[in-house]
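Here is the structure we will look at.
Starting from 1, each residue takes its place in the sequence as its number.
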Amino acid sequence: MVFKRLLGTLGVGGPTVDTALDPGAVLPGGALSGQVHLKGGDSDFTIEHITLELVARIEAEHDDGESEGAVVFERFSVGGNFRLATGELHSVPFSVMVPWETPITELYGQGLGIVLGVRTELAVAGAKDKGDLDPLAMRPLPAQEAILEALGQLGFGFKSADLEYGHIGGTGQQLPFYQEIELTPPPQYAHQINEVEVTFLAGPGELEVVLEADKRGGFFSEGHDALTRFTVSHHGVEQVNWNAEVDSWIRQMVEHRASYGGHGPHGHVDSHHGGHHGHGAPYASYGGHTHKGGPGHGDHHHGDSHGHRSGPGMGTAIAAGAAGLAVGVVGGMVAAEVVDEVGDFFEGDEEEEGEED
């Protein structure tokens, strides 16, 4: 489904814009391609520029609670400076590279509840109008998929996913928000942690993985969050035993509860200096909840054996019933609901912007 709107700034008789994205989900750091289709209005117009905006629905925490809003996290100029004659049909092809930190919206074709959109802005005769909006589907990088699959193999279940406004200290984060994928723990960890949140911060050379454990508090101590950061390479993903690697991450995070659990409700970042197998002496620095984590230094953790996966993975966990998401149903129904949500949310946001102007 494509959202097609008359340019309200120019009124009836103005040109229309219809952006069609190439089919298929896009990889973080990969190419987003498509065409911007224009149709001339009742008179000739000069198209000054065509701009694509990548927009995300994010959540922000503040003193009064939590609110949602839309943020533009990238802009691309894909054309302009040409005359569009009366009734003329004109198409402008484009191919742009999305940011490496662009959140993923699906895993194995199942939606995660993340809302991203591509909004087309047309500047005509000195007036600008955001005249077209399309949902953007993002699939995980091989390393991201392998880590999520391993978590599923280890018994973690998908709970929800969202985008949080803010910055994680001690990381190379570039965007003004980060994605949290919330997972429920398997029985062997359920008495120690309530949930685990996974954040991926991808770059051209490596992937930062931030794990946050929402820990259960004891009778005389309060629960608190513990952050652990790892860095992995995009290369040689298929050569790593990810089940063993990710299990070691979880164990390290849980084991440190005994060391840091008595410090009260303060978050901290554990950064590990490990050897070839990813086992090393950790250290931690403490920080507040404002930036989610404090400064730290990451290391590369690599496995050296080939793992054979068995049992249900994260894809099965998502399809089996993620909390609050319409998954496990006919794919077309899921796609339609996501598209409607993209349109309703961002168009509502535009109306609010208009009221402020």
Side-chain angles (χ1 to χ4, degrees), residues 101 103-104 107 112 140-141 143-164 166-173 178-186 188-190 192-203 206-216 223-233 240-261 266-274 278-280 282-287 289 291-303 313-314 317:
E101 288 182 17
I104 60 175
L107 180 63
L112 301 179
L141 293 162
Q144 293 173 327
E145 182 176 304
I147 292 168
L148 291 173
E149 174 68 15
L151 285 164
Q153 295 281 341
L154 294 172
F156 287 85
F158 178 78
K159 181 180 179 182
S160 64
D162 58 26
L163 305 180
E164 295 284 344
H167 187 272
I168 303 176
T171 68
Q173 181 183 339
Y178 54 88
Q179 181 175 22
E180 287 184 337
I181 300 174
E182 299 180 5
L183 308 175
T184 57
Q188 63 266 35
Y189 295 123
Q192 296 170 299
I193 53 178
N194 290 315
E195 66 181 24
V196 171
E197 295 176 350
V198 182
T199 294
F200 294 120
L201 299 173
E206 60 187 22
L207 172 69
E208 289 184 270
V209 185
V210 180
L211 299 179
E212 178 176 6
D214 180 11
K215 298 187 175 183
R216 295 186 182 277
H224 68 286
D225 296 341
L227 297 176
T228 309
R229 181 164 65 95
F230 301 90
T231 304
V232 299
S233 174
V240 178
N241 181 342
W242 287 106
N243 284 16
E245 185 72 8
V246 174
D247 187 52
S248 72
W249 297 351
I250 299 297
R251 289 179 182 276
Q252 289 177 41
M253 184 169 55
V254 171
E255 286 170 2
H256 292 124
R257 179 177 190 272
S259 300
Y260 302 109
H266 298 287
H268 66 272
V269 177
D270 288 343
S271 300
H272 301 273
H273 294 267
H279 303 291
Y283 68 93
S285 57
Y286 289 84
H289 288 286
H291 299 289
K292 189 175 182 180
H297 302 281
D299 257 334
H300 296 264
H301 293 253
H302 302 281
M314 188 57 66

ask   = Would a distance-only check, ignoring hydrogens and angles, find a side-chain to backbone donor-acceptor pair under 3.5 Å from Glu208 to Gly172?
value = yes
inquiry  = If I compare all heavy atoms of Pro185 with all of Asn194, which pair ends up nearest, and what's the gap?
reply    = CD-O, 3.1 Å
message = Quick check for you: to the nearest 0.5 Å, what is the distance between Leu183 atom CG and Phe158 atom CZ?
response = 8.0 Å
query = Taking the six-membered ring for Trp, are Trp249 and Trp242 parallel (under 30°), tilted (30 to 60°) or perpendicular (over 60°)?
reply = perpendicular
query = With a 4.5 Å heavy-atom cut-off, do Tyr178 and Leu163 have their side chains touching?
reply = no
inquiry  = For Glu101, give me all partners under side chain to side chain donor-acceptor pair (under 3.5 Å), at least two apart in sequence or on another chain.
reply    = none
inquiry  = Looking at every heavy atom in both Gln188 and Leu154, which two are closest together, and how far apart are they?
reply    = NE2-O, 3.7 Å
ask   = Is any side-chain heavy atom of Ile147 less than 4.5 Å from a side-chain heavy atom of Leu151?
value = yes
query = Going by heavy atoms in the side chains, are Gln144 and Leu207 under 4.5 Å from each other?
reply = yes
task = Quick one: do Arg251 and Tyr189 satisfy side-chain contact (heavy atoms from CB on, under 4.5 Å)? Show the steps, please.
result = CA-CA 9 Å; Arg251 289 179 182 276; Tyr189 295 123; 3.3 Å; yes
message = Quick check: closest heavy atoms across Ala143 and Ser233, and the distance to 0.1 Å?
response = CB-O, 4.3 Å
pair Asn241-Glu245: side-chain heavy atoms closer than 4.5 Å = no
task = Please examine the side chains of Ile104 and Leu148, heavy atoms only from C-beta on, and report whether any two atoms are closer than 4.5 Å.
result = yes
key: Atom pair CG (Asp162) and CD (Glu197), whose distance is rounded to the nearest 0.5 Å   = 7.5 Å
ask   = Hey, does Ile250 have a side-chain heavy atom less than 4.5 Å from the side chain of Phe156?
value = yes
Listed partners of Gln173 passing side chain to side chain donor-acceptor pair (under 3.5 Å), at least two apart = none
note = Interatomic distance, CD@Glu195 vs CD@Glu180, rounded to 0.5 Å, equals 8.5 Å
query = Under 4.5 Å between any side-chain heavy atoms of Pro140 and Leu107, yes or no?
reply = yes
request  = Return the minimal non-hydrogen interatomic distance between Val196 and Met253, and the atom names on each side.
outcome  = CG2-CE, 4.2 Å
